[in-house]
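All heavy atoms count here, side chains included; hydrogens, waters and symmetry mates do not.
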Amino acid sequence: MSSGKFDISIAIGGAAGQGIATPGNILARMFIRRGLHFNAYNAFQSIIRGGHIFLTIRASDQKIYNHGDKLDLLVCLNQDTMNRHLGLMGPGTRVIFNSDTIEPGEAGEGAQCCPLPIKELTDNNRNKLVQNTVALGALTYLLGTNFEVLGDMLTLQFQRKGQDVVDENLGVGRAGFDYAAAHFEAFPEPIPTGPKPLAVWTGNEALAMGGAAAGVKFYCAYPMSPSTGVLHWMANNARELGIMVRQVEDEIGVANMAIGAAHVGCRSMCATSGGGFALMTEAIGMAGMMETPVVFINVQRAGPSTGVPTKTEQGDLWQILGASQGDFERFIVAPQNALDAFNTLPELFNLADKFQCPGIVISDLLISEGTFSVDPDDLDMQPDIDRGEVITEPNTEVSDIPSASQERNGHDPGLIGAPSNGYMRYKHTESGISPRALPGLPGYVHVVASDEQDEDGVLISDEFTNPHKRRKMVEKRARKFKNALAQIAPPLLEGPEDAEVTLIGWGSTYGVIKEAIEQLKQKGISANHLPIKWIVPLHVEAVTDIVSRAGRTIIVENNYSGQFFRYLRSETGLAIDGHIRKYDGEPFMPHHIVDGVMEQLDGKTDLYVPIQEIMV
Amino acid sequence: MSVETTAPDVTEEVVPLKAKDFKGKVDPDWCVGCGDFGVLSCLQKACVELGYRPHEMLIISGIGCSSNFPGFFNAYGMHTLHGRALAVATGAQMANHELNVIVTGGDGDGYGIGGNHFTHTTRRNVDLTYIVMDNQIYGLTTGQISPTSREDMKTKSTPFGSVEAPVNPITAAIMNGATFVARGFSGDAKHLTQLLQQGIQHKGFSLIDIFSPCVTFNKDNDYPFFKQRVKKLEDEGHDTTDWKDACEKAMVWGDTIYTGLFFQKDGIPSLDQREPVLDEGGPLAHRSLGINQNQAQKIIKRMM
């Protein structure tokens, strides 16, 4: 634990199927109910049983933005965990394990081994999962709090399974607590209590909730890690909130279905990961051509191809930038954390509606599958909703019916065909935004197409390809986006203006860079942070202004080839001094960035790739 | 924000429409003699008979000659991506289940590139009418085999004859749980109009596969080919509730090829009827957006 503030990291390691999720949930609830902030990162693999799972839970009385650098308490549910991680445990740490089944290795100096004779403590209970509750009991003692805090959580967690299960867990939990009290030394600083209880969510839940708050009425998806949590939240809440949720046959169907729902007037959303996003891309272009507001979320995993489904990366940027053929208008935004994701969705929907185009959210496994505390008072559940120029009243001036319309306007009723003097879906307005009438409304009958079309919806793609009309349509769609940049916040420099180092990041690296800057400060190095959230449109002038006044610039990103660096250079022409990149599937820890900055300041390299110490 | 569709102009409601009122802004660009002309005029007639108004209808297509259909028809329309019309239509129908959704396209669009959506839209019993103008060829790409092309057929992509067996859309649809499966012939307008009307009125997914000859690229399956062979099931006393007999008749392909209603199953709820979110409150697209205080509190409580 660091000095000054309470800051503890607890890790639970074992194999899939050993029940790591349950103690993880119990600890999370324990912390948030005490008003402690926490950040949990689960390193896992794409299997249901076996492998190695390593859940890191960091808790603090201050806001925390990542899962931290170090481990204070390790709970080993199997030998593998012990073998892999004991060596990482330094002075002042504790290691809890089942001494019936696990052999401790050579503990580092000052690390306290806490063996638990599980069989004895549980009266030879054959349910292997009870060892987790015994460990939680011991852990509760080590945290310096009383057993009732855990008891309440165990009751809450197991009450659905009946009183017998609750009693069994309370019994073995108490046994673990008492055994620890008799044999082990608690942490010197007991776990504090924050000013008010907090709430808990995952990034995927934040994305789903943001969509619901924005007024999503149609959500569809094909299950794909690490995006599936959005589908699960939507499915669980669909009936209560009146949201239609559909699981579709493939992501091609997902994207097209979402567009169909959006076209007739629903706020419509879907989420996937890179492979599914690849299947969606043709439809994204259609939303651009048809000017349909719809939101697509890509939760990045490590690629390419199937890649590493349970690992994180920021490797889909160019895929997203290049999603679908041709030039078309769309927003691309990379939220910085779960709360930011929640707040971004309503904003993005308003922009998509206003500018009548698709919006794409870039998340990643780190944000989406991470579990975080959130202050309920920070949740704006009823954000402003602006649907832009939507026509909602029937047209009394012009009829959809040719004979009626033409008689009324004095035309020869013999000249049949739908009225051309009526509503024009893609009218050439000064702003480029053409008022959008929803199907079902009398007086606005029109056809939209994935083909290029004229103002009135008549195709100019096949029989009469008119270059002048085509140019006007391309320019109309482009024109509407000229005002888009002014509607989104420019990136702001965080930290001292005259810092020696400027760290540039995008999306999920926000939290880890923020903490790295604090650590650099302690080392006497002044650094500031330029986090870039809106990728398209990009505030080129603001970024150029900041970067051209900066000291040494270093871009931090979770991929091999510097995707964001290459994008930034292509848009701004800016030279960047150095790079910190990681592409092993695991997210950055703050010290990785600190080390990278130090090496670059020492002139050792301009590309630093940290080594992942925790082998998961 | 809510989008209300109030009652339309009363004077329009009382005027009975004519087929030409369903004529689109442009004339079809199909080849002279194309079977799709017959389908277009039959659908226009069917809509007149059903008393539909253009604004109540949404016609959705994919890509191909026959998928140009929405532009030639006076109704709300979406001319979407190749093979994706059924997926778009499902979204649209779920978002506003009061619209009369009709999907039009060809055999390549629906049974080839869109085959996955065909299977799943069928089993979901989405309340829409799927009109497939089946010409057993890829026309817009100037003549290659399609999923319904017969074995040995010579096309630009199979100059020595196709070695693949064709798909049977009728039996496929029945096996996938379709609740209305018919086959029409664009050369028999009266019969086709009747089938279209029935299909549109059917609550649930209805497939109407229509022999719609491509006079330019398919010299094997032209008008005379079908004229000599088609036999109406209605004249055979076919029992439309018997799926096994329906499949057997659908497999007949020789001197006799059956047209008409093969199979119909009433009383199966369509997807919108099964979906509890649509039980009350009208079309999703017209509902007010966002979360109310009570819902918000419940969500946050569960997070704590």
- Partner chain B: residue of A212(A), G242(A), P376(A) with the largest heavy-atom pair count (under 4.5 Å): A212(A)
- Task: Please flag which part of L86(B) lies under 4.5 Å from any non-hydrogen atom of chain A: side chain, backbone, both or neither.
- Result: neither
- Item | Part of I60(B) within contact of chain A (heavy atom distance under 4.5 Å) | neither
- Task: For chain A, find which of H120(B), H117(B), M94(B) contributes the most heavy-atom pairs closer than 4.5 angstrom.
- Result: H117(B)
- Okay, Q293(B) and chain A: the region with an atom under 4.5 Å from a heavy atom over there is both
- Message: Using only atom types and a distance under 3.5 Å, with no angle test, would you say the side chain of Q295(B) pairs donor to acceptor with the backbone of E240(A)?
- Response: yes
- Turns out that what part of L58(B) lies under 4.5 Å from chain A's heavy atoms comes down to side chain
- May I ask you to name which of V245(A), V458(A), I252(A) has the most heavy-atom pairs under 4.5 Å with chain B? I252(A)
- Can you check whether M304(B)'s main-chain N or O pairs, donor with acceptor, with R29(A)'s side chain at less than 3.5 Å? yes
- Against chain A, label K301(B) side chain, backbone, both or neither, depending on which of its atoms sit under 4.5 Å from a heavy atom there. neither
- Task: Against chain A, label L99(B) side chain, backbone, both or neither, depending on which of its atoms sit under 4.5 Å from a heavy atom there.
- Result: side chain
- Query: Does CG belonging to N294(B) count more than 12 external heavy atoms closer than 6.0 Å?
  - Reply: yes
- Polar side-chain atom of Y444(A) near backbone of Y76(B) as donor-acceptor pair, under 3.5 Å: no
- Item | Minimum-distance pair of heavy atoms, taken over all atoms of M303(B) and L379(A) | CE-CD1, 4.1 Å
- Give, as side chain, backbone, both or neither, the part of V200(A) having an atom under 4.5 angstrom from any heavy atom of chain B. both
- Can you check whether D456(A)'s main-chain N or O pairs, donor with acceptor, with K25(B)'s side chain at less than 3.5 Å? yes
- Query: Which region of R239(A), side chain (C-beta onward) or backbone (N, CA, C, O), has a non-hydrogen atom less than 4.5 Å from a non-hydrogen atom of chain B, or is it both or neither?
  - Reply: both
- Task: Please determine, among I32(A), D386(A), V264(A), the option with the most heavy-atom pairs under 4.5 Å with chain B.
- Result: V264(A)
- Residue among G260(A), P346(A), S373(A) with most heavy-atom pairs under 4.5 Å to chain B: G260(A)
- Part of V374(A) lying under 4.5 Å from any heavy atom of chain B: side chain
- Message: Looking at chain A, which one of A95(B), A75(B), G77(B) has the largest number of heavy-atom pairs inside 4.5 Å, strictly under?
- Response: G77(B)
- Note on the structure: Between the CG atom in L284(B) and the NZ atom in K217(A), the distance rounded to the nearest 0.5 Å is 7.0 Å
- Message: Under 4.5 Å from any heavy atom of chain B, what part of L241(A) do you find: side chain, backbone, both or neither?
- Response: both
- Note on the structure: Applying a strict 4.5 Å limit to non-hydrogen atoms, the region of V277(B) in contact with chain A is side chain
- Message: Just so I know, are the side chains of E249(A) and T119(B) near enough to count as touching, which here means a heavy-atom distance under 4.5 Å?
- Response: no
- Query: Can you say whether A28(A) sits under 4.5 Å from chain B via the side chain, the backbone, both, or neither, judging by heavy atoms?
  - Reply: neither
- Message: Checking the side chain of D400(A) only, and the main-chain atoms of N74(B) only, is there a donor and an acceptor separated by less than 3.5 Å?
- Response: no
- Interface moiety of I299(B) toward chain A, non-hydrogen atoms closer than 4.5 Å: side chain
- Message: Could you check whether N237(A) and R302(B), counting side-chain N and O atoms only, form a donor-acceptor pair closer than 3.5 Å?
- Response: yes
- Query: Where does M290(A) contact chain B at under 4.5 Å (heavy atoms): side chain, backbone, both or neither?
  - Reply: side chain
